[in-house]
Colleague: 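A single structure is presented below for examination.
Atoms within each ligand, like the ligands themselves, are counted from 1 in listed order. Any value given below was found using the heavy atoms of this structure, including those in side chains, with hydrogens, waters and symmetry copies removed.
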Amino acid sequence: MDLKSIWEEFLNKISDDLSPINYNTWFLETKLINLEKNIATVSVPFHIHKKHLKANYYDLIQKRFTEVSGSNFEFEFVTKEESEEKKVVENNLGVPLDNFQTNLNPLYTFQNFVVGESNKFARTSALSVASQPGKMYNPLFIYSKSGLGKTHLLHAIGNYINENSNQRVLYITSEQFVNDFIELNRKNNDGNNLNAIENFKQKYRNIDVLMIDDIQYLEIAAKTQQEFFHTFNELHTKNKQIIITSDRSPDDLKRLEERLITRFSWGLMVKITPPNFDLRLEIINKKIEAHNLNDEFPTEVKEYIASNCTSDIRRLEGALTRVIAYATMMNESKITNELAIDSLKDYFGNCVGAKNKIEQVLQTVAAHYNISVDDMKSKKRKESIAIPRQIAMYICRTIYDEKLTKIGLAFGGKNHSTVLHSIEKIENQIKKDNHLAQEIKKITNKINN
Ligand code: ADP
Ligand code: MG
């Protein structure tokens, strides 16, 4: 969860404790702006808020926030001016602000990463890199299907390094890297490039540890791959630690430049596989403990969830959240088997449906462009239908690695060469049009949610 969603969930909770007038006056315009080393910094509109919140709501804020985040934080309230002043002071030191922005989520740690057979090796490698960045395995390449803990491990490494040294850590998704690079080129075209290039290099090359999440998205951004190659080389030569995650092994990242793949194999590659029943159960127990709900959860409900959510820890957490929300809505204090089964009926149904990626792509792309799935499967050549159809085929092939014949079948019985032609067309288009790449990224994000 990012800061914004954590705070939204918190506000949602605390609004139930307060009268509307109190909530609107004291909480409505607050924002969580930082979470680090057990301190949560909250921005408030005026000085009076700082005083009032501390004097009247501190304990309640702490309590509700722990329920959302699972850990205990001290709170610091700052007005907008104060947070601006702080930035100015940091800037005046001559150090660019970006260096202070690690993008780390303090809620993902080694302490709350539950270990089992399927992730033991990845976790040990991660810890080893965290204790001696740049010295052990460089790069460290972690790969697995979605929802198995890659992002969690990256943040855990970053938080560990942050706590135990003053090395500069940067966590970034490959999407953000692509965006920054596009922005850099835009400024370049505006003739306003010197500062922009300097900032970009400061951000990515003047650090000790670079963690880049979901590298597979670089596949659809050929130019950015070259820039990443240079960034990689410069950091690696200086013995700076690089950690990369991907939803596939390097060998299966077919659209990445060969020289990048070669470099990934210089270090250590580790795979996380789906959790077995014991690990799933233990993760459920840990999450329930963190929310202080031990008494409400009978063993059989936990086992029911663990047996039905087999492939993905994110979905496992989703199932838990759903059961808890359902019990709250129904005002039940005890969570029974019937309640669990009832609340998870559709959810587990979704799990099964989710297996058919092509169907999901069809539905998502159709919804995105406001056309029907039938249109997508039709032979209509109108641009408003043909282009989304080509994009959908492209996504099925490049992102989900589906076979051409299978895609053809699902798209209303198109032949192999039609599918191939469509995919190539989008590929060429993307090379010329960065916005299209961004749009496709947006769509795939929706599919993964
Ligand atoms: P990925 O990046 O591989 O898609 P995430 O790291 O986002 O997966 O994990 C999905 C969710 O599952 C996160 O909320 C994460 O905290 C949780 N999770 C994954 N693995 C573990 C684990 N071993 N112990 C505890 N929580 C885990
Ligand atoms: Mg991830």
Colleague: Which of the atoms in ligand 1, numbered in the order shown and given with their element, are less than 4.0 Å from a heavy-atom of Asn112?
Modeller: 24 (N), 25 (C)
Colleague: Quick one: look at Leu316 and ligand 1, take heavy-atom pairs under 4.0 Å, and tell me if it's side chain, backbone, both or neither.
Modeller: neither
Colleague: Any idea which protein heavy atom is nearest atom 14 (O) of ligand 1, and the distance to it?
Modeller: Glu317 OE1, 2.7 Å
Colleague: Touching ligand 1 at all, Lys286? Heavy atoms, strictly under 4.0 Å?
Modeller: no
Colleague: May I ask you to list the atoms of ligand 1 that are less than 4.0 angstrom from any heavy atom of Asn119?
Modeller: 23 (N)
Colleague: Taking the six-membered ring where the residue is Trp, are the ring centres of Phe181 and Phe228 under 6.0 Å apart?
Modeller: no
Colleague: What I want to find out is whether Asp213 reaches Lys150 closely enough, with some N-O distance under 4.0 Å, to be called a salt bridge.
Modeller: no
Colleague: Going by heavy-atom distance to atom 26 (N) of ligand 1, choose the closest among Lys145, Lys150, Arg280, Lys287.
Modeller: Lys287
Colleague: For the residue pair Tyr304 / Asn337, report whether a side-chain donor-acceptor contact shorter than 3.5 Å exists.
Modeller: no
Colleague: Return the option from Gly116, Ser144, Gly147 holding the heavy atom at the smallest distance from atom 4 (O) of ligand 1.
Modeller: Gly147
Colleague: Does Arg64 come within less than 4.0 Å of Glu67, counting only side-chain N to carboxylate O?
Modeller: yes
Colleague: Would you tell me whether Glu74 and Tyr58 have side-chain atoms, one donor and one acceptor, within less than 3.5 Å of each other?
Modeller: yes
Colleague: Starting from atom 22 (C) of ligand 1, find the nearest protein heavy-atom neighbour and note its residue, name and distance.
Modeller: Val114 N, 3.5 Å
Colleague: Can you pull out the closest protein heavy atom to atom 16 (O) of ligand 1? Residue, atom name and distance to 0.1 Å, please.
Modeller: His152 ND1, 2.7 Å
Colleague: Do the side chains of Ile172 and Asn103 get nearer than 4.5 Å, heavy atoms only?
Modeller: yes
Colleague: Going by distance only, is there an N or O of Gly149 that falls short of 3.5 Å from an N or O of ligand 1?
Modeller: yes
Colleague: Quick one about Ser146 and Arg314 (side-chain donor to acceptor, distance below 3.5 Å, no hydrogens or angles considered), yes or no?
Modeller: yes
Colleague: Applying the side chain to side chain contact (heavy atoms under 4.5 Å, CB included) test to Phe75, which of Val42, Ile39, Leu53 qualifies?
Modeller: Val42
Colleague: Do the ring planes of Phe73 and Phe65 sit parallel (below 30°), tilted (30 to 60°) or perpendicular (above 60°)?
Modeller: perpendicular
Colleague: Determine how many protein N/O/S atoms sit closer than 2.8 Å to the Mg ion (ligand 2), leaving waters out since they are not shown.
Modeller: 1
Colleague: Verify the ring-centre separation between Phe177 and Tyr204: is it less than 6.0 angstrom?
Modeller: yes
Colleague: Got a salt bridge between Lys120 and Glu117, using NZ or NE/NH1/NH2 to carboxylate O under 4.0 Å?
Modeller: yes
Colleague: How far is atom 7 (O) of ligand 1 from the closest protein heavy atom, and which atom is that?
Modeller: Arg314 NH2, 3.0 Å
Colleague: With a cut-off of under 6.0 Å to the ring centre and 45° to the axis, is Arg259 in cation-pi contact with Phe232?
Modeller: no
Colleague: For the 3.5 Å polar cut-off, considering only N or O atoms, please tell me whether Leu148 and ligand 1 meet it.
Modeller: yes
Colleague: Starting from atom 27 (C) of ligand 1, locate the nearest protein heavy atom and write down its residue, its atom name and how far away it is, to 0.1 Å.
Modeller: Ile313 CG2, 3.8 Å
